[in-house]
Amino acid sequence: MSEFWLKFKSLIRSEWTSGNPWIHSGVFVFVLTLLCLLTNTSLHVMGVDISEFIPLFYGLIPLLLRDLGGVFVSSYAFFVGTAILFLGPDFSEWKHGKRIRIYNIYLILSSVLFLLFCGSVSEYPQVYGEFFYYRHSWMVGILYFITDHFSPFFFKFVLFLFLAIQVIRTGLSFWKSKYYESLVRYSIFIILFYSFHLLGSAWGVLVASAFYSFDIQFSRSKKSLVFVTVALLGFGFSFFTRVHEKKEVSKDTLEHSSNTNVLIISADSIRQDQLGFVKGEKDKTPNIDQLASESLVFLDHHSTIPRTFPSWADFLSGKYSFEHGIQDMFPDKEDRSKLGNVVATLPGILGKSHRTFVVSSFAGDIFPRANWGFQNVDAPNFSAETLTQQRTIESQVFFLPVLTGTFFGGGEYLSSIRSLPSLGDDSRILPDLFSVFDKKDRPFFALYFSSVTHFPYSPPYPFYKNTDPNYYGPSKYFRFVDPSNSEKPDKKEQEQIRSIYSASLTAFDFSVGKILEELKRRSLYDDTLIILTSDHGESLFEEDHSHGHGEHLRGEGVTKIPLIIKFPKSFERKEVRNFKGITTSLDVFPTILSVVGVPTSSELFLRGKDLTKLPKADTWAEDRFVYSETGIWFSDRGDHFFQKDRIRYPNILELHTIDPNDGNSVTVSDPYAKETILFSKHRMLQTRTKKLIYIPSPNGVLYSCYDRISDPWNTKPLPASSCGDLQRKLELLLIGSGKWKKAGDYFLPKSEP
């Protein structure tokens with residue numbers, strides 16, 4: 001045993017002094033991983049301090065350790081391959097017994113990392129927000145210097161120049177020495193390394209690097225063939241795996257009755273009044289404005305609930321949350337069970353005639369969590385495993401530049417990178433949508449859901465430049481929302497927050513332009529029903545409304561969202577106009593079915609109106625009402641107006657549970673907690689002119705009535721009697737659904753039989 005140990009130490013010492021890139025790259029990555037772990041571990045999640053809840057996360061330590069190992073393996077694979085590439089002729093000479101100067105390896109790796117880091121910071125400063133503002137605020141000047149003076153293309157060009165020089169030097173060295181087989185192997189290595197890198201396959205990169213680094217003892221005539229064969233098999237396996245990561249829910253393929261494609265283009269938290277054609281700003285959303293000029297535009301359209309999960313459930317089922325069962329952001333398996341089974345959904349219905357897809361980044365993590373009926377789900381999941389990997393990724397800041405694609409694109413080495421809230425760049429997911437347009441065996445139903453407008457807001461370069469260049473503060477590139485903080489920023493800070501939100505909206509508009517351009521290039525535009533909308537709006541410090549969405553129903557900011565419908569040319573309704581009557585997101589369900597030609601059976605019990613059958617006037621003949629409700633309150637703290645009147649329950653971190661039998665899902669599953677959340681919600685009915693908000697408080701039920709025309713931000717409450725008709729209609733709606741009962745003036749959820 002001692003003899004073996006001596007030989008082993010001798011081998012390590014020999015390889016170390018020879019400059020073995022595999023050993024020194026490992027040391028480089030290990031030191032960086034350890035330093036980042038010690039200096040970047042934070043108790044802030046999206047800007048919110050969770051230190052007092054840290055005992056809740058002790059059970060996640062095994063997941064965190066596993067994720068840390070995954071980061072180490074992935075980063076080691078990348079940096080080993082990078083060292084081999086950038087060492088140039090030195091590496092080929094090392095293979096033939098010559099030494100590599102050790103400091104050359106560390107100098108090369110450090111230089112590559114520096115260029116990658118600067119390039120990534122200049123393109124996605126939001127991704128490094130916690131690093132610079134919460135962990136190492138003394139370095140924030142570096143962030144400002146990089147983003148103020150450099151574009152990401154500068155650093156990428158320098159990196160490319162460095163790489164090109166080394167590759168050319170190596171190639172010429174082989175050519176001049178007549179090592180043609182080595183030149184072929186080197187060329188294949190470059191191709192395979194970059195291919196695996198684009199796929200984000202750490203093991204593929206390791207295999208490619210290993211086969212190039214070590215001469216396997218085969219006969220000379222078979223050596224290259226075996227190398228290419230094994231590497232290509234690895235490439236194919238990795239590609240196959242990546243392709244089949246997309247969740248397939250349904251594979252029904254019945255004959256279709258319509259050739260009409262359906263495309264829903266959406267982004268999280270879009271306020272209708274922030275669009276360029278509404279606000280009168282031509283350069284803000286030019287592509288959306290152009291689409292609106294060719295479409296039917298609804299100027300008083302509202303979401304049923306300003307939270308993403310239940311909002312999309314309402315939209316895609318045509319029913320209210322208390323009917324389909326998903327009533328908050330953390331539904332458990334029981335809550336989700338009806339959707340797509342007892343409750344029909346648009347993708348489920350259209351899946352019999354269309355290819356159905358959903359494409360999204362982090363805000364769309366709701367779609368893998370329920371049976372929506374989509375045949376293809378290309379969106380990140382949300383679970384305890386996602387959260388732990390996300391926190392690990394954020395702490396390992398040296399590997400973030402690779403994960404964000406700064407090294408000439410690059411794949412998602414770690415799947416949770418797509419669920420990073422600060423990385424909502426649409427360019428990362430648009431190719432997934434465009435691939436939907438390729439297949440033409442059947443028409444498609446596709447939902448594209450952008451996250452760039454969801455806080456912390458993540459407009460990439462150059463869009464974040466569309467803000468005040470002289471502002472230097474915590475909201476320069478992003479804005480986290482702390483639901484427990486009721487302090488109102490000063491006017492300059494508020495203006496910057498609105499500005500970075502606006503920049504995110506412009507970034508989304510750029511993507512809309514790309515989508516429409518792609519449809520026209522493929523001759524699909526005229527045959528496609530295009531709907532542009534959002535799941536909910538956003539409060540941006542109007543009056544006392546604070547910032548965010550889901551906590552209250554005051555004002556026009558949180559429920560009033562865009563609805564733009566561009567009908568296919570084949571459809572009989574061809575006029576383009578603005579409709580001023582009040583509409584709800586539930587109206588889209590019957591409208592799509594009507595355009596596609598699917599009959600709406602009585603079993604669907606639709607709540608919405610078919611918007612293909614509008615009156616000739618620009619509003620409804622009757623005084624229509626629409627319903628909305630609040631979401632779950634994430635925090636029980638703060639001095640907000642809605643905290644003062646509401647029935648309190650614990651912070652969401654105390655309410656949630658992790659279900660290992662449900663994919664480690666994060667849910668609110670305790671029956672008492674679920675019932676309390678439903679009982680405590682604020683509920684609203686509004687017409688074109690009036691709004692009524694039902695507020696169950698500890699001291700009784702309160703009703704707030706507002707005039708929507710003269711008081712759009714709801715600062716002047718009217719006597720409750722002014723909304724007496726709405727109060728009666730609210731009671732008829734809830735009690736008539738069979739899901740609610742009255743207890744005094746309170747509405748109580750009925751227990752399921």
Side-chain angles (χ1 to χ4, degrees), residues 271 300-307 310-311 314 320-322 327-328 483 486 536-539 542-561 582-586 623-633 638 640-649 676-735 737 740 742-749:
R271 278 173 45 160
D300 195 12
H301 184 66
H302 294 266
S303 169
T304 49
I305 177 170
R307 292 285 191 207
S311 174
D314 288 8
Y320 293 123
S321 65
F322 48 80
Q327 304 186 69
D328 58 64
S486 53
H536 53 73
E538 187 90 332
S539 289
E542 291 82 12
E543 300 303 331
D544 60 350
H545 298 172
S546 191
H547 182 206
H549 52 261
E551 288 84 6
H552 65 84
L553 298 167
R554 274 201 206 168
E556 301 286 289
V558 291
T559 66
K560 194 171 183 180
I561 56 176
I582 192 168
T583 54
T584 170
S585 53
L586 301 190
D623 196 14
R624 187 190 184 194
F625 68 88
V626 299
Y627 170 84
S628 300
E629 64 185 51
T630 54
I632 189 172
W633 284 288
H640 310 87
F641 71 87
F642 52 84
Q643 293 283 12
K644 296 176 181 178
D645 292 332
R646 78 177 182 89
I647 294 172
R648 292 180 178 270
Y649 45 77
T676 302
I677 289 169
L678 300 184
F679 170 67
S680 304
K681 283 191 174 193
H682 297 180
R683 304 176 188 276
M684 174 179 75
L685 274 191
Q686 56 183 336
T687 66
R688 185 180 63 85
T689 58
K690 288 184 180 179
K691 173 189 288 189
L692 174 75
I693 303 177
Y694 158 85
I695 305 170
S697 78
N699 300 316
V701 172
L702 307 175
Y703 282 99
S704 297
C705 179
Y706 301 98
D707 187 314
R708 292 188 62 214
I709 306 302
S710 64
D711 183 24
W713 294 110
N714 305 157
T715 61
K716 304 170 184 175
L718 301 173
S721 58
S722 300
C723 291
D725 56 335
L726 289 180
Q727 186 174 336
R728 289 188 292 274
K729 288 178 179 178
L730 177 63
E731 182 170 342
L732 285 173
L733 171 66
L734 295 178
I735 301 299
S737 70
W740 299 90
K742 288 292 291 287
D745 291 330
Y746 293 99
F747 292 107
L748 296 179

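In this structure the side chain of Ser546 never reaches within 4.5 angstrom of the side chain of His552, judged on heavy atoms. Side-chain atoms of Asp300 and Lys560, non-hydrogen and from C-beta on, do get closer than 4.5 Å to each other. Counting heavy atoms from C-beta on, the side chains of Ile305 and Tyr320 never come closer than 4.5 Å. Side-chain contact between Leu553 and Gln686 is absent, with no heavy atoms from C-beta onward closer than 4.5 Å. A 4.5 Å side-chain heavy-atom check between Leu586 and Asp314 finds at least one atom pair inside the cut-off. Side-chain contact between Arg683 and Leu734: present, with at least one pair of heavy atoms (C-beta onward) separated by less than 4.5 Å. Phe625 places none of its side-chain heavy atoms less than 4.5 Å from the side chain of Leu692.
The NZ atom of Lys716 sits 6.0 Å away from atom CG of Asp711, with the distance rounded to the nearest 0.5 Å. Taking OG1 from Thr687 and CG from Asp623, the interatomic distance works out to 4.5 Å, rounded to the nearest 0.5 Å. A distance of 10.0 Å separates CZ in Phe747 from CZ in Phe322, rounded to the nearest 0.5 Å. To the nearest 0.5 Å, the span separating CD1 on Ile693 from OH on Tyr703 amounts to 12.0 Å. From Tyr627, atom OH reaches atom OG1 of Thr584 across 11.0 Å, with rounding to the nearest 0.5 Å. Put simply, CD1 on Ile695 and NZ on Lys681 are 15.0 Å apart, with the number rounded to the nearest 0.5 Å.
The two residues Pro719 and Cys705 make their nearest non-hydrogen contact at O-CB, 3.8 Å. Considering all non-hydrogen atoms of both residues, Ser585 and His301 come closest at N-CE1, 3.5 Å. Scanning all heavy atoms of the two residues, the minimum distance from Thr630 to Gly550 falls at CB-O, 3.4 Å. Smallest separation of non-hydrogen atoms from Arg271 and Gly557: CG-O, 3.2 Å. Residues Val558 and Pro306 share a closest heavy-atom pair of O-CB, 3.7 Å. Shortest non-hydrogen contact noted between Gln643 and Pro483 is NE2-O, 4.5 Å.
Judged purely by distance below 3.5 Å, without hydrogens or angles, the side chains of Ser486 and His640 never pair a donor atom with an acceptor atom.
Using bins of under 30°, 30° to 60° and over 60° for the plane-to-plane angle, the ring pair Phe679/Tyr746 lands in the tilted bin.
Using a 4.0 Å cut-off between charged nitrogen and carboxylate oxygen, Arg554 and Asp544 count as a salt-bridge pair. Using a 4.0 Å cut-off between charged nitrogen and carboxylate oxygen, Lys690 and Asp725 do not count as a salt-bridge pair. Ion pairing between a basic and an acidic side chain is recognised when a charged N comes within 4.0 Å of a carboxylate O; Arg708 and Glu556 show such pairing.
Listed by chain and number, the residues in a salt bridge (charged side-chain N to carboxylate O under 4.0 Å, His left out) with Glu551 are Arg307 (sequence neighbours excluded). In this structure Arg648 satisfies the salt bridge (charged side-chain N to carboxylate O under 4.0 Å, His left out) test with no other residue, sequence neighbours excluded.
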Verdict with supporting geometry, Lys742 and Glu731, salt bridge (charged side-chain N to carboxylate O under 4.0 Å, His left out): CA-CA 9 Å; Lys742 288 292 291 287; Glu731 182 170 342; 3.5 Å; yes
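Within a 6.0 Å radius of CZ in Arg624, more than 12 heavy atoms belonging to other residues, nucleotides or ligands are found.
A donor-acceptor pair under 3.5 Å links the side-chain atoms of Ser628 to the main chain of Ser303, judged by distance alone.
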